[in-house]
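So the structure is just underneath, and the comments pick up after that.
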Amino acid sequence: CDSFMGLDTKQRQSVAEMGVEIIERHEIDAKRIRGLMEAHLIPPVQKGPEGLRYLEIRSGIGENPVVGQEVSVHMTGMLRDGAVFADTRLGAPVKFVVGDGAVLKGIDLGVSAMRQGGKVLLVLPPALAYPDGNDDLGISAGDKLIYSVELVGMADVVEEEEDPLV
């Protein structure tokens, strides 16, 4: 299965919990995890800025997006128990400009480290998501969130020309 959404709720919960455990607790048979990573059976856990953690599921191609560049992503947001609270795969990808604050800071940081066509599993600490929770989405204060994110498109970067009158 290429997507979490192809799994039933119990399977999503198991995969989400396993991913969070691997990310948060390197002491879980670290030797075995290292061996699986070396055999390329599971991707290495990456540490991003400000407590962001991510697993690269699929590498993309090209350059990373830069601040001010428009990107298109598909993403699925889940609680630690696997409950889905947001999913763009049911419609068009979400478009936003990197660094403009239109999405959660953790998503912005995670997408900045991706390349077009790439797919990652992000674990956002509360400070990069909803520190005070979000009742409408069923997110409690202090919840870590899990996002499956695929960078499906990037707009060309437009260089600003200097004004000859300035």
Side-chain angles (χ1 to χ4, degrees), residues 1-30 32-34 36-37 41-60 64-65 71-153:
C1 179
D2 189 41
S3 167
F4 278 113
M5 295 314 297
L7 303 175
D8 65 36
T9 302
K10 187 174 180 177
Q11 290 170 322
R12 282 197 311 265
Q13 180 177 349
S14 295
V15 170
E17 287 175 1
M18 179 182 70
V20 171
E21 274 191 59
I22 289 171
I23 289 171
E24 292 181 339
R25 298 179 50 204
H26 288 284
E27 68 271 12
I28 297 175
D29 200 359
R32 187 169 190 199
I33 290 172
R34 210 172 301 113
L36 292 172
M37 286 181 193
L41 296 175
I42 62 172
V45 175
Q46 305 290 320
K47 294 180 183 180
E50 302 181 44
L52 177 70
R53 305 279 183 156
Y54 61 97
L55 292 170
E56 186 176 53
I57 306 300
R58 182 177 61 232
S59 297
N64 299 85
V71 296
S72 300
V73 301
H74 270 302
M75 57 186 163
T76 303
M78 297 170 278
L79 301 174
R80 284 187 65 167
D81 66 2
V84 174
F85 60 84
D87 187 5
T88 66
R89 294 188 187 286
L90 304 176
V94 171
K95 292 183 180 185
F96 65 93
V97 175
V98 175
D100 78 350
V103 295
L104 296 174
K105 187 173 183 180
I107 292 172
D108 217 359
L109 292 171
V111 168
S112 296
M114 297 176 71
R115 296 168 195 252
Q116 188 165 329
K119 187 173 184 178
V120 297
L121 182 66
L122 302 173
V123 176
L124 281 58
L128 297 179
Y130 298 101
D132 299 322
N134 182 317
D135 291 337
D136 294 337
L137 297 176
I139 299 168
S140 300
D143 278 353
K144 291 182 181 180
L145 303 180
I146 302 163
Y147 276 88
S148 172
V149 180
E150 180 179 11
L151 180 55
V152 295

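The figures that follow rest on heavy atoms only: side chains count, while hydrogens, waters and symmetry mates do not.
In this structure, CG in L122 is found 10.5 Å from CD1 in I146, a value given to the nearest 0.5 Å. Between atom OG of residue S59 and atom CD of residue Q116 there is a gap of 14.0 Å, rounded to the nearest 0.5 Å. Of the inter-residue distances, the one linking L121 atom CG with Y147 atom OH reads 12.5 Å to the nearest 0.5 angstrom. From L104, atom CG reaches atom OH of Y130 across 4.5 Å, with rounding to the nearest 0.5 Å. Atom CG of L52 is separated from atom CG of L124 by 6.0 Å, given to the nearest 0.5 angstrom.
Nearest heavy-atom pair, P49 versus L128, reported as atom, atom and distance to 0.1 Å: O-CD1, 4.0 Å. When all heavy atoms are compared, the tightest approach of K144 to P125 is CG-CA, 4.2 Å. Here the shortest heavy-atom pairing between S72 and P93 reads CB-CB, 4.1 Å.
Side-chain atoms of D108 do not come within 3.5 Å of backbone N or O of V98 as any donor-acceptor pair. Side chain of N64 to main chain of A113: a donor-acceptor pair is present (N/O by atom type, distance under 3.5 Å, no hydrogens or angles). Looking at R58, its side chain does come within 3.5 Å of a backbone N or O of G117 through a donor-acceptor pair.
Residues passing the side-chain hydrogen bond (donor to acceptor under 3.5 Å, both in side chains) test with T88 are H74, sequence neighbours excluded. Listed by chain and residue number, nothing satisfies the side-chain hydrogen bond (donor to acceptor under 3.5 Å, both in side chains) test with S140 (two or more places apart in sequence, or in another chain). Shown here are the salt bridge (Lys or Arg N to Asp or Glu O under 4.0 Å) partners of K105, two or more places apart in sequence or in another chain: E50.
Within the 4.5 Å cutoff, side-chain heavy atoms of L79 are placed close to those of L145.
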Exercise. In sequence, state the C-alpha distance, the side-chain angles, and the governing distance for F96 and V111, and then conclude on side-chain contact (heavy atoms from CB on, under 4.5 Å).
Key: CA-CA 11 Å; F96 65 93; V111 168; 4.1 Å; yes
Practice problem: Take E150 and M75, measure what side-chain contact (heavy atoms from CB on, under 4.5 Å) needs, and give me the verdict at the end. | Solution: CA-CA 6 Å; E150 180 179 11; M75 57 186 163; over 6 Å; no
